[in-house]
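Just so it is clear: chains get the letters A, B, ... in the order the sequence lines come, proteins before strands, and each one is counted from 1.
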Amino acid sequence: MAAASAFSATKFTQPLPLNTTTSRSHDKHQSFFDPLKTTSSSSSFLGSTRKLRLNSASKFNHLANSNRRSAVVAVSDVVKEKKVKSTTNLLITKEEGLKVYEDMILGRSFEDMCAQMYYRGKMFGFVHLYNGQEAVSSGFIKLLKQEDSVVSTYRDHVHALSKGVPARAVMSELFGKTTGCCRGQGGSMHMFSKEHNLLGGFAFIGEGIPVATGAAFSSKYRREVLKQADCDHVTLAFFGDGTCNNGQFFECLNMAALWKLPIVFVVENNLWAIGMSHLRATSDPEIWKKGPAFGMPGVHVDGMDVLKVREVAKEAIGRARRGEGPTLVECETYRFRGHSLADPDELRDPAEKAHYAARDPITALKKYMIENSLASEAELKAIEKKIDEVLEDAVEFAEESPLPSRSQLLENVFADPRGFGIGPDGQYRCEDPKFTEGTAHV
Amino acid sequence: MATIFQGLGGGAATATALTNSFDSKKLLLPSSRRSLSERKASFLVVRSDGSVNLNLGSSNARARRVNQLITNAVATKADSSAASAASKPGHELLLYEALREGIEEEMDRDPHVCVMGEDVGHYGGSYKVTRGLADKYGDLRVLDTPIAENSFTGMGIGAAMTGLRPIVEGMNMGFLLLAFNQISNNCGMLHYTSGGQFTIPIVIRGPGGVGRQLGAEHSQRLESYFQSIPGIQMVACSTPYNAKGLMKAAIRSENPVILFEHVLLYNLKERIPDEEYICNLEEAEMVRPGEHVTILTYSRMRYHVMQAAKTLVNKGYDPEVIDIRSLKPFDLHTIGNSVKKTHRVLIVEECMRTGGIGASLTAAITENFHDYLDAPIVCLSSQDVPTPYAGTLEEWTVVQPAQIVTAVEHLCQ
């Protein structure tokens with residue numbers, strides 16, 4: 001199948017050869033990364049500029065910058081077009097804005113509560129918090145239908161919440177209670193929900209991407225083989241910058257583009273893989289460029305700006321839904337906390353952290369909504385209060401929920417428990433009454 | 001890698017000429033036989049002791065015929081006289097055709113069943129197991145994947161989680177080492193980790209085992225590596241009859257199943273029933289009842305054992321041969337009954353000595369049936385060496401019939 005013919009006419013698609021320079025849009029809504037331009041419009045946080053690394057070797061910066069001179073500019077055209085068409089000049093309606101705001105507040109508050117609970121000894125193991133990256137989760141997942149699928153990594157609490165898994169279920173799961181979304185068997189890194197089509201929660205990086213590719217394959221299969229013509233389910237695969245050096249990433253980019261699977265690969269580039277800086281690990285740190293190498297559009301977007309993420313997400317998800325194939329979206333974002341609650345986070349430059357803290361996506365959206373009269377201070381405060389109550393309720397629920405009993409030990413190992421085999425007495429082991437007690441010898 | 005191997009047994013009877021001239025009508029399922037719906041009515045499950053479940057009339061005749069079929073599979077010359085004694089003639093085919101028949105019947109029955117792997121589509125499978133299926137079902141249902149085992153196995157798992165029933169082929173089982181991440185972490189574990197929310201009804205299959213001078217990497221036996229993974233089942237087929245039966249059972253199972261085939265067994269010929277049947281995934285197969293010693297084996301070594309059995313019978317021994325078929329979990333009922341009868345156990349396997357299936361089986365038998373043993377369990381496995389290329393060396397890495405005869409004589413002293 002010729003990769004070239006996979007491109008459709010939508011503006012999103014054409015990757016330009018490296019030595020082309022196109023005229024840049026000076027539009028304040030420009031959403032591709034350009035460190036050479038600074039827009040300092042005060043009423044909009046939409047200008048995204050920052051140096052890739054504040055005190056890195058200048059060599060890296062220079063190399064990165066020179067590559068960045070020729071960018072995929074299509075997104076800005078899309079955004080500009082949309083902007084021209086819209087009469088209100090705003091990127092979001094009040095209703096949508098409040099929904100997204102609430103989702104980001106939920107994500108942030110939940111993660112803060114997790115930290116509290118962890119230090120109080122209510123949850124254990126490895127817990128990876130999402131603070132600072134909310135714009136990506138809310139920007140993308142709030143555009144999905146329930147039947148669409150999301151695949152995440154170990155940093156999955158907020159993806160689960162955005163997808164619709166109740167805060168109670170996630171908190172219980174973190175407490176290891178039987179009322180958790182995975183009955184306490186998964187934990188922080190393995191959030192699953194069949195009802196909400198959250199396909200995990202994976203501990204090893206990259207291993208969720210093929211699963212996401214499979215979900216997208218299912219969607220295509222249903223449409224083309226099972227003839228369910230209205231099946232246009234899209235899958236989103238979230239993963240980080242470290243994963244983009246992993247073989248599974250590249251193998252799946254190839255397969256998704258080859259078969260035009262309805263999937264969006266969302267890279268949450270927060271510049272750090274535990275203590276490994278993205279620049280130290282990657283030969284060409286511009287991840288979006290890897291999309292066109294496989295025949296799909298690669299887009300870079302400011303991941304601290306939920307409205308920009310939303311615009312890009314709309315286009316990418318729309319592409320997938322229309323059957324035009326996958327997209328690679330690199331969201332430049334930052335995690336305010338360490339890699340996990342066990343990470344002392346000593347390597348990152350405080351100036352870098354301060355720089356991103358100043359671009360907190362929640363503060364930014366709040367400012368945008370108020371300045372554009374989409375919502376009042378009071379309305380937003382009400383949302384924050386509501387979320388506080390949701391969380392209190394979630395913690396209470398989790399505290400009061402029972403721990404898993406022994407009988408849960410052997411359940412769910414096999415979908416068909418005959419898989420435990422036939423015992424010496426000729427009975428299937430699962431027929432042994434001790435099996436349901438969890439004490440059977442298997 | 002499309003080399004065609006001679007069937008076991010030393011003879012060249014199952015030569016390539018046969019495979020080229022197979023009747024294409026046999027490929028189209030319903031036309032040459034009764035329709036599926038009719039066949040469903042006479043569905044049967046054959047248990048290891050030859051008894052038959054469900055609703056067939058001539059169960060005894062069938063039971064006898066099952067036993068006859070199994071012994072016939074050892075010989076290279078197709079002996080149809082025994083089969084013609086049964087009420088229904090059945091049809092003759094080679095093992096890879098039996099696998100294909102199983103896949104095709106299940107694909108007809110359930111549109112969610114699909115195949116993915118390298119060269120399974122247009123090429124028809126490097127061992128012809130999927131030949132013709134892409135023409136019939138299309139390129140999406142029989143998917144030719146790029147060479148990315150880890151990712152396409154993961155893709156199969158994701159597809160299984162979202163409602164499909166994929167059959168993932170490893171062109172050679174050894175290639176599935178690249179998919180170990182997905183098989184171990186996702187295939188086996190996700191049902192449990194998700195609290196039972198997602199099932200993974202995937203079948204992972206492919207040829208493994210020591211072939212004819214294929215070199216170390218193409219001669220691997222992965223059953224020992226996979227056996228510790230919780231949440232999966234492993235079965236090994238050895239005859240056209242059980243190949244088709246196990247394939248169908250594996251596809252229908254809600255559990256992830258790894259089906260081990262053997263490179264040298266694809267051209268085995270046997271007469272199998274026309275009507276639909278499946279083999280139980282968790283059961284072992286009684287190949288030859290006996291009194292003196294229990295010989296447990298699977299896959300290709302079954303034929304070395306049967307060859308040794310001929311010699312042993314001539315020498316006055318009466319070995320009981322059981323093809324364990326289910327490598328994980330073990331059918332401790334069939335095995336246990338045999339141990340209780342003979343009190344002596346010999347395990348013959350192609351796995352490596354260290355940590356192989358034989359090692360696990362030895363532990364399981366000792367744990368459960370220690371009191372019934374009159375002698376320590378003897379386990380004959382392949383040498384712990386990378387399979388050499390040279391023919392002589394390769395022969396010495398796997399267990400040969402002469403060694404089996406010696407071991408039984410020793411055991412029965």
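- Under the 4.0 Å criterion applied to side-chain N and carboxylate O atoms, A:Glu411 and A:Arg183 are assigned as salt-bridge partners.
- Contact annotation for B:Ser326: neither backbone nor side-chain heavy atoms come within less than 4.5 Å of a heavy atom of chain A.
- Of the listed residues (A:Asp425, A:Val413, A:Thr213), the one with the most heavy-atom contacts under 4.5 Å to chain B is A:Val413.
- With a threshold of 4.5 angstrom between heavy atoms, A:Asn254 approaches chain B through side-chain atoms but not through N, CA, C or O.
- Interface remark: A:Leu199 contributes backbone and side-chain atoms alike to the contact with chain B (heavy atom separation under 4.5 Å).
- Within the 4.5 angstrom heavy-atom criterion, only backbone atoms of A:Gln408 (N, CA, C, O) approach chain B.
- Formation of a donor-acceptor pair under 3.5 Å by the B:Gln197 side chain with backbone atoms of A:Phe192 is found in this model.
- For a residue to count as touching a neighbouring chain, one of its non-hydrogen atoms must lie under 4.5 Å from one of that chain's; by this rule A:Ser219 does not touch chain B.
- For a residue to count as touching a neighbouring chain, one of its non-hydrogen atoms must lie under 4.5 Å from one of that chain's; by this rule A:Leu409 touches chain B with backbone and side chain alike.
- Although no hydrogens or angles enter the test, the distance criterion places no donor-acceptor pair under 3.5 Å between the side chain of B:Ser184 and the main chain of B:Phe180.
- Using a 4.5 Å cut-off between heavy atoms, A:Phe204 touches chain B through its side chain atoms alone.
- Interface residue A:Phe202: only side-chain heavy atoms are found under 4.5 Å from chain B.
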